[in-house]
Every structure is written in C-alpha cells, then in structure tokens.
2 protein chains.
Amino acid sequence: MSSEKSQLSPRIDKTGNIDILTAAAECFMEQGYHATSIDDVARRLGATKGRIYHYYRSKTELFFDVHREGMRRNFEAVTPVMKGPEPAAARLSAMFRQHALSMMENLALEAVVVQGVEMHRFGATTPEQRRTLAELMTVRNDFESLFKRVAYEGVEDGSIRTSDVSVAVKVALGAINWLSIWYRPRPAETRDDREILADKIVGSIMQGLNAPG
Amino acid sequence: MSSEKSQLSPRIDKTGNIDILTAAAECFMEQGYHATSIDDVARRLGATKGRIYHYYRSKTELFFDVHREGMRRNFEAVTPVMKGPEPAAARLSAMFRQHALSMMENLALEAVVVQGVEMHRFGATTPEQRRTLAELMTVRNDFESLFKRVAYEGVEDGSIRTSDVSVAVKVALGAINWLSIWYRPRPAETRDDREILADKIVGSIMQGLNAPG
DNA sequence: CAAAAAACCTACCAAGTAGTATGTGAGCCT
DNA sequence: AGGCTCACATACTACTTGGTAGGTTTTTTG
C-alpha cells in the first residue's frame, strides 16, 4: 500500500523531514554509512525507527537523499556567482570561495557527499538503486563541469593559465573538499572567520606557492 | 597462551602477510571498512578467516596495519627528497611529486589511509585500540609536519609565498590525497603517464591558476 | 464531531558477521 | 621415528542490524 511516495523527487517537503536528513548526515559523518545503524539516527532524533521508515523506504534511500541535499546546496552556493562581466579567473575564484564556505557551513551533509558514492558502486543491488546511483554520479559530474567550463573561458580570455584544465579543476576541488576531513568549527566561530579561511584557500589555489620571480 | 604477538610493531615480516594487507586494502577501498567482512578479505585471498585471524587478532588491528603500511610508504617516498641544497620551493615540489606518485602506485593502501581514522575516532572501544589510534594520528601529523617544515623554510629563503603555511599545506595535500577518489589506473598505463600526471598536479599547486600579470 | 489519513511507536524476525574453539596436515628438529 | 610448532581450515556461537507487521496517537478533512 501507499507505494509511490519516493521516486527521484526530493522528499524534503513540509515536515521535519530535514531533521531526519541532518541527523543522518551527522551520524554518517561521525561513523560512516555502514557503521551507522538506523537506530543510531533515530536515537539522535529522539525517536524510533518507525519515524524514519515512514519517510524512507530503506537506509540506502536515506543516504541518497542526504547526498542529494548536499549537492543541491553546492549548486545553490556556486551557480549565482559563475556568470557575469568579470574575467573568468575572478568568477572561478568566487565559485571556489562559495564552495569552500558551503563545505564549512554544511559540514555534515558535505562530508557525506565526499564519503561518497564510491562505496556504493559495488553494493547497490536493486535496479532502482543503480539508477539512483547513476543519477547522483551525473550530478557530481555536472557540478565539476561548472568549474571546468569557467576555467576554459579563463584559458581563452587569458586570465587563467594551466597545462590541463581538467586536472587543475580536480586539484582545486580536491583541496576544497578536503575541508571535510580537517575542518571542524571552533566553538565561537563567526562567519568572518570562515570567510578568512575561505579566502586563504582560494588564494593558495589561484596564486600557488611559488614566489613570483 | 601465545598472548603478545601483536603490539605496536609492524607485522609485515617474512611470510605472505603482505598479501593479507593488500587484499584487505583492496576490499576496504572498494567497499569501505565496515562493509567489508573478514570473509570478503579471505575470499579475495583464496583462503578462509583462519588465515587472517592467525596473524591479526581483530578486524580493527588489520585495518590499523593497513593504515600503518600506507603511511610507511608515504614516508618512504617523501623523505629522500626533502633535504638538499636546492631552494625549499624546489624540494617541496619534489615532495609533492613523490607523494602523488606514491598515491597512484599504492592506490588501495592510500585509499584506506584517506578513508582514514576519523571513522574510528568514535568506535574505538578498547584502551589498546585507542592508543593505537592515537599513534596513527600522530604519524599523520608528523607526515604533514614534514611539508610544513619545508614550506616554512621556503618562506624564509624567499622561494615560497603564502599567507598561511598551515592552510597552504593542507590545500596542497588535500589536492594530492584527492587522487584516491578520482584516479584509477588505465589498463596500459606506464610509469611515464603517472609522472606526467604528477607533474601537472604539482604544477597546479605551485603555480596556481591565475595567469601572471 | 466523526472518519479517515498521516505520523509515529513496539515487538519481532531473518540474515549476516566478528570472533572462537577445535581440528589437521606439513615441515623441522633431535 | 616421534614429537612439536607453524600455518592454516572448519564448524560453531553470540550478537547486531535492516526491514516489517501491526497497533496507537495526532492531525486533517468533510
């Protein structure tokens, strides 16, 4: 009965559904997907399994939705600054900056995104799960392509110089995604602190370490 | 009975112990630590649990040893090039290059290292496991410090410019470690191919993306 | 306000897994 | 040759965990 409530559409509508997502994200970040039991997530919610299975048909779907929400926020952060009259290098910098800030401010969600789909490549059994998986991989690639496109523009308008755009973008995104490993917000941290950190990171990416000479 | 065969000493002596480590590393890379059963590792070895438990007292210890071996190879790759008469920037470049090559050539081991200790920070129950964990974290920090030290030298001798050495090093190492996510060797890949990729990565890190001007 | 639907909770099961206890064959030492 | 140890294999247990079936409470709707 009930049947089609899931499908590919995000299920973050109305209710406290987002609470489930964040609770799951925190558990997944701290212990990893497999080490996290549904009861763990429920306990963090102050509820029981029943609540979770009311909204998600399986643990896998829950993971997928966390991943989706994380990617959604990534796009939300980056797309507004990718177009404009500035040289491509400036826009790319802004995109990196936004992405870094998004990583810090949605740490749990993004940690799950980073932890990633790789682990599920082998375990996904049902055809629907495989389709969902393919969908998520596509979204990931699309996100990376956003950066690649602007980087190419930069090569053409002369504001960016690199021997290989694809590698350079992977290097930059790796540097930023690595935040999910080492960054943890300090107790009394402000938005300013995060912006300073983001600027340092973007500075490193754009200027490199070699002293000009 | 038997008792102290483990302890902190590496257990990669004589026999085919290294086979167990690499089989475990491959499983952990593909499925993650928790999703990998001891039977999975044994199956990949063409053996049974008995063989593994003959050398390792627990799954956790097996993981620890994989991690240790991965870090050992990292040090092995990097330390030979960190000292010398060249300016610090050149030496740092060489270290990055070596680390990138090590990532590619020990992919499974290094993927486990990256997957990391974070996940175990919470789950480690026994006192001995906690001590081992602390040890591994120390080793990680020491590795990062290697780069920081040379980077500081570079700031002093003027060959390196950055607003924050610590952040810059984390950015660079993140970029390289990210290889474990996206890099997969192509069928007929040669050592030259890997060196070309490593050089591109190091180039991106040292020169940045901004065109000089 | 009654009835239906949504939003949960409780109790349970089947499957999988870390770890153990015991067995066994091959080599080695004396 | 006989004993001993190493290097595994086999068979089992105790426990965890994803998922389900059915009940109960709260909210919405007619």
Side-chain angles (χ1 to χ4, degrees), chain A residues 1-7 9 11-24 27-28 30-66 119-120 122-126 128-129 132, chain B residues 1-6 11-24 27-28 30-66 119-120 122-126 128-129 132:
Chain A
M1 347 263 139
S2 82
S3 70
E4 303 322 55
K5 93 166 14 147
S6 76
Q7 291 304 85
S9 64
R11 237 155 302 121
I12 317 127
D13 29 45
K14 44 192 164 189
T15 72
N17 224 325
I18 192 71
D19 295 338
I20 299 182
L21 279 187
T22 59
C27 289
F28 291 161
E30 291 176 4
Q31 320 181 26
Y33 171 78
H34 285 283
T36 299
S37 74
I38 296 282
D39 288 311
D40 287 339
V41 180
R43 203 173 308 129
R44 183 168 295 234
L45 279 168
T48 66
K49 276 212 269 244
R51 177 160 170 203
I52 294 171
Y53 277 101
H54 181 67
Y55 293 96
Y56 295 96
R57 289 199 297 198
S58 70
K59 190 183 175 186
T60 311
E61 273 203 13
L62 176 57
F63 176 87
F64 285 158
D65 227 35
V66 171
M119 281 171 45
H120 289 268
F122 304 85
T125 44
T126 80
E128 194 192 327
Q129 282 179 8
T132 309
Chain B
M1 27 254 297
S2 73
S3 69
E4 304 321 55
K5 97 164 16 148
S6 77
R11 236 155 304 124
I12 315 128
D13 30 44
K14 43 190 167 190
T15 70
N17 224 325
I18 192 67
D19 294 338
I20 299 183
L21 279 187
T22 57
C27 289
F28 291 160
E30 290 176 4
Q31 319 181 27
Y33 172 77
H34 285 283
T36 299
S37 74
I38 296 283
D39 288 312
D40 286 340
V41 180
R43 201 173 307 128
R44 182 168 297 232
L45 279 168
T48 68
K49 274 215 266 253
R51 177 159 171 204
I52 294 171
Y53 277 101
H54 180 67
Y55 292 98
Y56 296 96
R57 288 200 298 197
S58 70
K59 189 183 173 185
T60 310
E61 273 202 13
L62 175 58
F63 176 87
F64 284 157
D65 227 35
V66 171
M119 280 170 45
H120 289 267
F122 305 85
T125 46
T126 81
E128 193 192 326
Q129 283 178 9
T132 309

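Side chains included, hydrogens not; waters and symmetry mates left out as well; all remaining heavy atoms used. By convention in this document, chain letters (A, B, ...) are assigned in the order of the sequence lines, proteins followed by strands, and residues within each chain are numbered from 1.
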Point to revise | Where protein sits on nucleotides 18-23 of chain C, one letter per nucleotide: B base, S sugar-phosphate only, - none, heavy atoms under 4.0 Å | key: BBB---
**Study point:** Gap between atoms CD and C1', on A:Glu61 and D:dT20 respectively (whole Å)
**Key:** 16 Å
Practice item. Measure the distance from CD on B:Gln31 to C1' on C:dG16 and round it to the nearest whole Å. Key: 14 Å
Check your understanding: Can you tell me how far NZ of A:Lys59 sits from NZ of A:Lys49, rounded to the nearest 0.5 angstrom?
Key -> 10.5 Å
Review point. Got A:Ile52 and A:Leu45 here, is their nearest side-chain heavy-atom distance under 4.5 Å?
Key: yes
Review point. Rounded to the Å, how far apart are B:Tyr55 OH and D:dA9 C1'?
Key: 13 Å
Study note, to complete from the structure: From CG of A:Asn17 across to P of C:dA7 the rounded distance in Å is 9 Å
**Study point:** Separation of D:dG18 C1' from A:Phe63 CZ (nearest whole Å)
**Key:** 16 Å
Study note, to complete from the structure: The reported gap from CZ in A:Arg44 to OG1 in A:Thr36 (rounded to nearest 0.5 angstrom) is 8.5 Å
**Study point:** Partners passing ring pair (Phe, Tyr, Trp, His ring centres under 6.0 Å) against A:Tyr33 (at least two apart in sequence or in another chain)
**Key:** A:Phe28, A:Phe63, A:His120
**Study point:** Integer-rounded Å distance: D:dT17 C1' and A:Leu62 CG
**Key:** 15 Å
Exercise for review: Rounded off to whole Å, could you give me the NE2-to-C1' distance for the A:His54 and D:dT24 pair?
Suggested key: 14 Å
Revision key, fill the gap. Taken to the nearest whole Å, CZ/A:Arg51 to P/D:dG19 is 19 Å
Practice item. Search all heavy atoms of B:Ile20 against all heavy atoms of B:Leu62 and return the closest pair with its distance. Key: CG2-CD1, 4.0 Å
Revision key, fill the gap. Between A:Val66 and A:Ala24 the two heavy atoms that sit nearest each other are CG2-CB, 4.0 Å
